[in-house]
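So the structure is just underneath, and the comments pick up after that.
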There are 2 protein chains.
Amino acid sequence: MTTGMNTEYLKTFREIARLGSFSEVAREMGISQPAVSFQVQKLEQELGIRLIDRSQKTITLTKAGERLLRFAEAMEGEREKLRGDLEQMREDISGDLLIGASTIPGEYLLPKMLAVFKQRHPAVKIQADISDSVTVINRVRDNTYEVGFCGIPPEGKDLAFFKIAGDEIIPIVAPGHPFANRDEVSPEELEGEALIFREATSGTQRSLESLLGRVGIDIKKWAPQLVLGSTRSVIAAVSAGAGIGFVSSLAIKGSGVKSARIKGLRLTRDFYCVYRQERVVSRLLEAFIDFIKTYEKSHL
Amino acid sequence: MTTGMNTEYLKTFREIARLGSFSEVAREMGISQPAVSFQVQKLEQELGIRLIDRSQKTITLTKAGERLLRFAEAMEGEREKLRGDLEQMREDISGDLLIGASTIPGEYLLPKMLAVFKQRHPAVKIQADISDSVTVINRVRDNTYEVGFCGIPPEGKDLAFFKIAGDEIIPIVAPGHPFANRDEVSPEELEGEALIFREATSGTQRSLESLLGRVGIDIKKWAPQLVLGSTRSVIAAVSAGAGIGFVSSLAIKGSGVKSARIKGLRLTRDFYCVYRQERVVSRLLEAFIDFIKTYEKSHL
DNA sequence: CTACCACATAAAACATTCTTATCTTGCATA
DNA sequence: TATGCAAGATAAGAATGTTTTATGTGGTAG
């Protein structure tokens with residue numbers, strides 16, 4: 001109903017008071033000039049009184065505008081104090097956290113998340129071990145790790161889990177490769193190419209095998225050109241023009257390789273956060289799980 | 001980018017603290033329960049900390065929640081003070097205002113507007129005279145009225161004006177009349193009916209005549225059954241079954257008569273607010289004109 | 001157990017706010 | 001005065017945000 005006065009509008013208003021120009025505020029705040037006009041109009045409407053006299057070349061706050069400015073500044077001060085206090089409360093959360101993660105989540109998902117968490121709770125010490133999904137789940141179960149991140153959901157009621165991200169395994173090629181500018185390639189076409197696999201025990205390779213197996217394709221019959229020990233080495237080999245690799249979509253951004261799609265097929269899988277089902281958890285663990293759960297929502 | 005913390009969310013939060021239940025707050029505030037959940041989530045996201053513990057049957061504020069509550073209350077207090085001070089400033093606008101208005105604006109548009117203005121500026125005394133459009137304009141020009149409302153735009157550069165509302169002259173009949181349930185009637189059909197006109201000098205009658213004249217219809221050839229002296233009497237006569245009247249669409253709501261439409265024809269006109277073009281105007285007049293200009297925007 | 005109550009989640013409807021494009025006005029310059 | 005420029009206003013459509021409706025989930029009491 002009433003649109004409500006929000007911190008953003010008040011900030012705009014303070015900037016107008018400071019800079020004395022709508023356009024300049026717009027530039028400074030990275031929004032368009034009409035957006036500034038709009039916000040001022042909204043404030044004036046909500047308060048039922050003119051705040052800024054813009055009939056002359058130079059704009060001036062009205063008396064009411066001056067009053068609102070004081071309010072906006074008081075408000076900002078309170079807001080700052082609030083921020084500080086909440087910061088403090090977050091610092092109260094401290095201790096050590098031992099995490100296990102499988103390769104893809106550990107290398108491509110966790111680093112950013114842990115950095116944000118660490119910034120939010122500076123007093124926390126985190127150690128993250130990287131292994132494979134099965135090991136992660138076992139170590140969470142036996143309480144070696146307090147939390148784990150893996151590519152397969154755990155079984156049994158002793159462990160709780162939730163999905164943290166979706167992923168897709170996609171074929172990649174060097175930019176000069178014939179497939180580089182094609183949206184889709186057919187499974188038959190792949191068979192004739194120089195393929196680069198991961199070792200058979202890797203989670204990615206196993207997912208690839210089982211996902212293709214579901215649609216009747218047996219990749220064991222495809223003779224790989226190379227078998228490499230990590231996602232990074234596959235990407236490096238592909239970049240060097242050694243052939244076609246299959247890697248997690250999460251791993252390729254910024255690597256310069258080109259991705260394709262297999263016709264009629266999405267090789268998707270999910271990653272999970274796993275922890276022991278218990279009534280009592282440490283405040284730290286609770287905060288961490290909570291953070292992971294809401295991470296996606298609050299970071300784009 | 002950030003959605004910003006607005007007064008509405010904080011109000012919801014205070015209500016939650018007071019009532020201890022999302023659902024109840026939803027009922028009380030006339031919104032749905034998911035809307036309440038949503039707002040709390042937004043707050044928690046923005047502040048990056050859990051505010052309400054809702055894992056048990058009864059919900060409790062966390063420490064951070066308690067802190068936010070104090071903030072919300074301080075905020076509300078400041079907001080209240082601001083409201084009071086602005087109120088005060090509005091009261092500083094005082095004096096007398098003499099307004100002229102033609103019939104339709106004077107009877108159907110102004111009453112509500114003046115009531116709202118009066119509430120906002122209690123120290124102002126307003127007198128509104130009702131006459132016809134031409135008189136209104138003349139009296140504004142000679143400074144008898146400070147502002148005028150009329151159905152025709154003024155000529156000459158000494159007067160400023162702007163549109164305040166659009167209107168349509170439409171045929172009306174009693175609910176039992178053969179035209180009552182028809183969307184449209186043709187001009188020919190009208191000619192044969194018992195017609196009720198206003199006197200020839202009325203603004204409505206003149207608009208009717210000129211608007212129909214433009215499409216080649218000369219209503220002087222239509223013999224009216226009755227010629228009445230006011231919009232209200234036309235409506236009364238129509239209600240009594242005396243025939244077909246032509247009145248402003250603004251005048252008929254709640255009167256019980258049925259409106260029709262003349263095929264292929266919209267008899268539209270606008271109403272204007274008129275005042276003298278001067279550099280210096282009284283604060284009262286400025287506030288009044290400003291209010292009228294923004295009235296439409298801020299009241300639905 | 002089972003029913004119920006309270007909060008969470010999802011999808012779609014709905015509303016607000018922003019951007020782009022264009023207009024108007026005042027002022028400075030020629 | 002014309003002419004151009006800079007600042008703000010306005011309009012229409014795009015992009016976001018918020019709410020609703022419908023449904024899921026879990027805890028608690030009977």
Side-chain angles (χ1 to χ4, degrees), chain A residues 1-13 15-16 19-46 50-61 65 157 160-163 277 279 290 293-294 296-298 300, chain B residues 1-13 15-16 19-46 50-62 65 157 160 162-163 277 279 290 293-294 296-298 300:
Chain A
M1 198 175 300
T2 88
T3 195
M5 175 185 295
N6 60 79
T7 35
E8 214 56 26
Y9 286 13
L10 291 179
K11 170 152 195 219
T12 302
F13 188 76
E15 290 302 294
I16 292 171
L19 297 171
S21 149
F22 285 25
S23 322
E24 202 166 334
V25 169
R27 278 190 290 277
E28 162 136 344
M29 297 182 65
I31 58 180
S32 67
Q33 169 265 312
V36 177
S37 292
F38 178 87
Q39 295 189 8
V40 172
Q41 282 173 22
K42 273 292 151 117
L43 282 173
E44 293 187 325
Q45 232 165 67
E46 169 153 348
R50 185 143 284 246
L51 298 168
I52 297 175
D53 184 345
R54 35 213 194 279
S55 62
Q56 299 310 112
K57 182 86 181 180
T58 66
I59 67 180
T60 4
L61 295 197
K157 291 181 66 175
F161 69 99
F162 56 91
K163 176 183 162 183
Q277 190 79 276
R279 266 317 173 105
D290 205 68
K293 273 185 180 156
T294 53
E296 199 180 7
K297 281 183 192 165
S298 41
L300 289 191
Chain B
M1 199 175 300
T2 87
T3 198
M5 175 186 295
N6 61 81
T7 34
E8 214 55 25
Y9 287 10
L10 290 180
K11 171 153 194 216
T12 302
F13 187 76
E15 289 303 293
I16 292 172
L19 297 171
S21 149
F22 286 23
S23 325
E24 201 166 332
V25 169
R27 278 191 290 278
E28 160 137 345
M29 296 183 65
I31 57 181
S32 68
Q33 170 264 313
V36 177
S37 293
F38 178 88
Q39 295 191 7
V40 172
Q41 281 173 24
K42 272 297 153 112
L43 283 173
E44 293 187 324
Q45 235 164 64
E46 169 153 348
R50 184 141 287 246
L51 299 167
I52 296 174
D53 184 344
R54 33 216 197 279
S55 63
Q56 300 308 113
K57 180 89 181 177
T58 66
I59 68 182
T60 2
L61 296 196
T62 63
K157 291 181 64 175
F162 57 90
K163 176 183 162 183
Q277 190 78 277
R279 269 314 172 106
D290 205 71
K293 273 184 182 156
T294 53
E296 199 179 8
K297 279 183 196 166
S298 40
L300 288 191

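Everything numeric in this text was worked out from a predicted model, so none of it was measured.
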Residue-phosphate contact under 4.0 Å: [X] side-chain N/O, [N] OP1/OP2:
{"X": "B:Ser21", "N": "C:dC7", "value": "yes"}
{"X": "B:Arg54", "N": "C:dA6", "value": "no"}
{"X": "B:Lys42", "N": "D:dT18", "value": "yes"}
{"X": "A:Gln39", "N": "C:dC18", "value": "yes"}
{"X": "B:Ser23", "N": "C:dC5", "value": "no"}
{"X": "B:Gln41", "N": "C:dT9", "value": "yes"}
{"X": "B:Ser37", "N": "C:dC7", "value": "no"}

In whole Å, what is the span from the [atom1] atom of [X] to the [atom2] atom of [N]?
{"X": "B:Gln33", "N": "D:dT23", "atom1": "CD", "atom2": "P", "result": "15 Å"}
{"X": "A:Ile31", "N": "C:dT20", "atom1": "CD1", "atom2": "C1'", "result": "15 Å"}
{"X": "B:Lys57", "N": "D:dT25", "atom1": "NZ", "atom2": "P", "result": "18 Å"}
{"X": "B:Met5", "N": "D:dT18", "atom1": "CE", "atom2": "P", "result": "13 Å"}
{"X": "B:Leu43", "N": "D:dG17", "atom1": "CG", "atom2": "P", "result": "15 Å"}
{"X": "B:Lys293", "N": "C:dT24", "atom1": "NZ", "atom2": "C1'", "result": "13 Å"}
{"X": "A:Met29", "N": "C:dT17", "atom1": "CE", "atom2": "P", "result": "14 Å"}
{"X": "B:Gln277", "N": "C:dT25", "atom1": "CD", "atom2": "C1'", "result": "13 Å"}

Candidate nucleotides D:dT28, C:dT17, C:dT20, ranked by approach to the side chain of B:Gln56 - the nearest: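 Of the candidates, D:dT28 comes closest.
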
Which nucleotide in D:dT18, C:dT20, D:dT20 has an atom nearest any side-chain atom of B:Ser32: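 That would be D:dT20.
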
Test item: B:Glu15 side-chain N/O and B:Glu24 main-chain N/O as donor-acceptor pair under 3.5 Å: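 No, B:Glu15 side chain to B:Glu24 backbone: no donor-acceptor pair under 3.5 Å.
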
Donor-acceptor pair, side chain of A:Gln33 and main chain of A:Ser23, under 3.5 angstrom: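 No; judged by distance alone, with no hydrogens or angles, the pair does not exist.
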
Side chain to side chain contact (heavy atoms under 4.5 Å, CB included) between A:Gln39 and A:Ile31, intermediate numbers included: CA-CA 11 Å; A:Gln39 295 189 8; A:Ile31 58 180; 4.3 Å; yes

Sugar-phosphate, base or nothing in reach of B:Phe38, heavy atoms under 4.0 Å: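 The answer is base, as B:Phe38 lies within the cut-off (heavy atoms under 4.0 Å) of a base atom.
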
Distance-only side-chain donor-acceptor flag, B:Thr12 / B:Glu8, under 3.5 Å: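 No.
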
Cation over ring face, A:Lys293 and A:Phe162, 6.0 Å, 45°: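 Checked: cation-pi criterion met.
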
